[in-house]
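Notes follow the structure.
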Amino acid sequence: MSHQGSVSHESPSPSLRLGYACVNHALGNEGRSDRTCRLANATPERLEELSQSNLKGLRRVLAWNAQNDFRVFRMSSDLIPFASHPETQWGWREALAAELRQVGHDAHNYGMRLTMHPGQYTVLNSSKPNVVTSAIAELSYHADLMDLMGLPLSSKIILHVGGVYGDKHRAKRQFRESFADLPDNVQSRLVLENDERNYGAEDVIELCSALEVPMIFDDLHHRAYAGEPPSQTLLADILETWDNQVDGRPKLHFSSQRPQARAGAHADSVDAEEFRRFVETLPTTEVDVMLEAKAKENALFDLVRDLIASSR
DNA sequence: AGGTGTCAAGTATTA
DNA sequence: TAATACTTGACACCT
C-alpha cells in the first residue's frame, strides 16, 4: 500500500490516497486558512482582508501538500468568514473571483482533490424553516466557492443528514424535500455521511440511493453507531453509490478512537493495524481516505511510516 | 504579553 | 434547566 508515485488529475493513481482536514501544523501561521473575527466587528474591509489572508494560507498549504505528495485535502469552511450570514453580505463572490481562480488553478496543477465539510449548524432537514433557509445559503456558499475555483465535480461537499425530531421516517422525507429545493450546483456536489448517533450507514445508503448522491462512509462513526466494524458487503454497497466518471473515486473517512474518551472521539493519530484491516475490507484500494486525526498531516506521515514498517 | 470570557448558527444527550 | 459535544480553538478585551 502506498499513496506515493506521481498522480495526475487526468489519470488518478490506482493506489489509495490519503488526505487530512483543514489545518496544517508544519506551516504554522503561514498556512492558516481559517482566520475569522467576531460578527460585531465584521466590516466588509475586515472580512475581505481575512479572506485574502486565508486564501494565501490555503495556497501555501496546497503547495506544501504537493511537495509531500498529499493529494487530498479538506478546505476550512471558514475560508470566507461569515460568507453566508445575512448581515454580512459584501460581494465576496465578485471581490475574490480572481484569487479563487488562482487557488483552483494551483489545485488543478497539483492534481489535488479538495473537499469541504460544513459545520454542525447546517441542518437541511430541520423542522424550522429558517434553519433550512440558512442551511441552503451555507451550502450555496460552499458550492459557489468551488465553482469559482473551477474545481471539478469530484470536489464534494460533505454533510450529515441532520436531526431525527422523534420521527426518523418523517425527518428523512424532510431531507429529500429540502434537497429538491437546492440549487443545481449544490445538488451536484453534495454527498452524505453517516453519523454516530442518528443516521447509520443503512439510513444514509437509503437516502443516497433515492437522491442519487454518493455516500461518504465514516468508519469511526459506524463503529460507534453499530458497535462493530463494517462488513465487506456494506462497504461494497456504499462504493456502489459512486459514479467514478462523474464523482471521482469514492471517498471515506477513517480515524481511531481516542482512548478513555466518548465513543466517536477522534484520537491524535491513526492506528496502522486498524487501518490495514479496514483497507482489506474494501473491495478496491482505488479510493481516497480522509484521516480525521488531531495530529493532522503528522498522522499521515506516521501512518505511512508504520504501514511500510509493518509490511517488511 | 499573558489570561480568560465569549463566540453565527442546531440537535441530542447528560447532569 | 443548563452544560456539553460535534470536525475545530481563536478572538478580543482586560490587566
Side-chain angles (χ1 to χ4, degrees), chain A residues 19-25 28-29 31-43 46-47 49-50 53-54 57 61 72-90 115-142 156-168 170-171 174-175 178 191-200 216 218-221 224-225 251-258 260-268 270 289-297 299:
Chain A
Y20 65 104
C22 304
V23 173
N24 174 293
H25 287 143
N29 279 336
R32 280 202 50 198
S33 56
D34 62 349
R35 297 185 58 210
T36 184
C37 66
R38 295 289 183 254
L39 178 60
N41 40 30
T43 62
R46 181 76 179 130
L47 290 171
E49 182 190 318
L50 287 164
S53 165
N54 286 341
V61 172
V72 182
F73 184 70
R74 179 191 300 168
M75 297 189 282
S76 168
S77 290
D78 286 335
L79 203 61
I80 317 294
F82 299 100
S84 74
H85 196 284
E87 289 168 37
T88 54
Q89 291 310 307
W90 52 281
T115 62
M116 296 183 90
H117 191 357
Q120 63 267 37
Y121 304 112
T122 308
V123 183
L124 261 190
N125 75 340
S126 176
S127 42
K128 302 169 193 163
N130 61 316
V131 172
V132 178
T133 304
S134 51
I136 293 175
E138 179 72 356
L139 291 168
S140 293
Y141 148 59
H142 284 77
K156 296 300 185 189
I157 301 166
I158 296 137
L159 191 69
H160 291 290
V161 179
V164 173
Y165 314 99
D167 184 346
K168 194 186 269 192
R170 223 175 87 100
Q174 181 59 58
F175 188 94
S178 294
V191 297
L192 296 181
E193 177 184 348
N194 58 304
D195 66 67
E196 64 201 54
R197 254 203 306 270
N198 299 332
Y199 293 92
I216 296 261
D218 185 298
D219 181 72
L220 186 63
H221 287 160
Y225 185 96
K251 185 165 165 291
L252 306 111
H253 291 177
F254 190 87
S255 46
S256 291
Q257 170 66 42
R258 172 175 289 271
Q260 338 257 283
R262 173 192 56 79
H266 299 279
D268 292 339
V270 172
V289 180
M290 173 77 47
L291 300 187
E292 292 180 327
K294 301 268 185 194
K296 299 299 176 181
E297 82 273 17

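Everything numeric here is computed off the predicted structure, so don't read it as measured data. Proteins get letters first, then strands, A, B, ... in listed order; numbering begins at 1 in each.
The aromatic ring of A:Y121 does not sit over the base of B:dG10; the criterion of centres under 5.5 Å apart with planes under 30° is not met.
Nearest nucleotide to the side chain of A:V123, out of B:dA8, B:dT11, C:dT8: B:dT11. Nearest nucleotide to the A:V131 side chain, out of C:dT8, B:dA8, B:dG10: B:dG10. When distances are taken from the side chain of A:K128 to each of B:dA9, B:dT11, C:dT7, the shortest belongs to B:dT11. Residue A:H266 has its side chain nearest to C:dT8 when only B:dA8, B:dT11, C:dT8 are considered. Among the nucleotides B:dA8, C:dC6, B:dT11, the one closest to any side-chain atom of A:A265 is C:dC6.
On a pure distance criterion of 3.5 Å, a polar donor-acceptor pair joins the side chain of A:Q120 and the base of C:dT8. Donor-acceptor pairing under 3.5 Å, judged by distance alone, is present between the side chain of A:R38 and the base of B:dT6.
Atom CG of A:L220 is separated from atom P of C:dT7 by 9 Å (rounded to the nearest Å). When the C1' atom of C:dT8 is taken as reference, atom OH of A:Y20 falls 15 Å away, rounded to whole Å. The CD-P distance, from A:E87 to B:dA8, rounds to 10 Å in whole Å. Note: CG (A:L159) to P (B:dA9) measures 19 Å, nearest angstrom. Regarding A:L139, its CG atom lies at a distance of 13 Å from the C1' atom of B:dA9, rounded to whole Å. When rounded to the nearest whole Å, the span between CG of A:L124 and C1' of B:dA9 equals 14 Å. To the nearest angstrom, C1' of B:dT11 lies 10 Å from CG of A:N125. In this structure, the CG atom of A:D268 is 14 Å from the C1' atom of C:dT7, given to the nearest Å.
Between A:C22 and A:D34, the residue whose closest nucleotide on DNA chain C is further toward the 5' end is A:C22. Heavy-atom nearest nucleotides on DNA chain C were determined for A:R74 and for A:R46, and the one closer to the 5' end corresponds to A:R74.
Residue A:V23 is out of contact with every strand shown, counting any heavy-atom pair closer than 4.0 Å. Within the 4.0 angstrom heavy-atom criterion, only backbone atoms of the sugar-phosphate kind lie near A:E196; the bases stay farther away. Looking at heavy-atom distances under 4.0 Å, A:H253 makes no contact with the nucleic acid at all. Among the protein residues, A:T36 comes within range of the sugar-phosphate backbone only, with heavy atoms under 4.0 Å from sugar or phosphate atoms but none that close to a base. Contact annotation for A:N198: backbone-only contact, meaning every heavy-atom pair under 4.0 Å involves sugar-phosphate atoms and none involves a base.
Here B:dA9 sits opposite no nucleotide as a Watson-Crick or G-U wobble pair (both hydrogen-bonding atom distances under 3.5 Å). Partner assigned to C:dT7 is none, using Watson-Crick or G-U wobble distances below 3.5 angstrom. The nucleotide B:dG2 finds its pairing partner in C:dC14, both defining distances of the Watson-Crick or G-U wobble pair being shorter than 3.5 Å.
Residue A:L79 holds its CG atom at 11.0 Å from CG of A:L50, rounded to the nearest 0.5 Å.
Neither OP1 nor OP2 of C:dT8 sits under 4.0 Å from any side-chain N or O of A:R32. Side-chain N/O atoms of A:H117 include none lying less than 4.0 angstrom from OP1 or OP2 on C:dT8. At the phosphate of B:dT11, OP1 or OP2 sits under 4.0 Å from a side-chain N or O atom of A:S126. Close to C:dT8, at under 4.0 Å from its OP1 or OP2, lies a side-chain N or O of A:K294. A sub-4.0 Å separation between OP1 or OP2 of C:dA12 and a side-chain N or O of A:N41 is present.
With P as the reference atom, B:dC7 and C:dT4 are 15 Å apart, rounded to whole Å. Across C:dT7 and B:dA1, the matching C1' atoms stand 31 Å from one another, rounded to whole Å. Rounded to a whole angstrom, the distance from the P atom of C:dC13 to that of B:dA8 is 12 Å. To the nearest whole angstrom, the two P atoms, one in C:dC6 and one in B:dG2, are 29 Å apart. Rounded to whole Å, the separation between the P atoms of B:dG3 and C:dA5 comes to 23 Å.
Of all heavy-atom pairs between A:E193 and A:H160, the closest is O-ND1, 3.2 Å.
Checked by atom type, the side-chain pair A:Q174/A:S178 shows a donor-acceptor distance below 3.5 Å.
Although no hydrogens or angles enter the test, the distance criterion places a donor-acceptor pair under 3.5 Å between the side chain of A:E297 and the main chain of A:H25. In this structure a side-chain-to-backbone donor-acceptor pair under 3.5 Å is present from A:R258 to A:H266. Side-chain atoms of A:Q89 come within 3.5 Å of backbone atoms of A:A83 as a donor-acceptor pair (strictly under, hydrogens ignored). A side-chain donor-acceptor contact under 3.5 Å links A:Y141 to the backbone of A:I80.
Only one option out of A:L39, A:D34, A:L47 pairs with A:P81 in a side chain to side chain contact (heavy atoms under 4.5 Å, CB included); it is A:L47.
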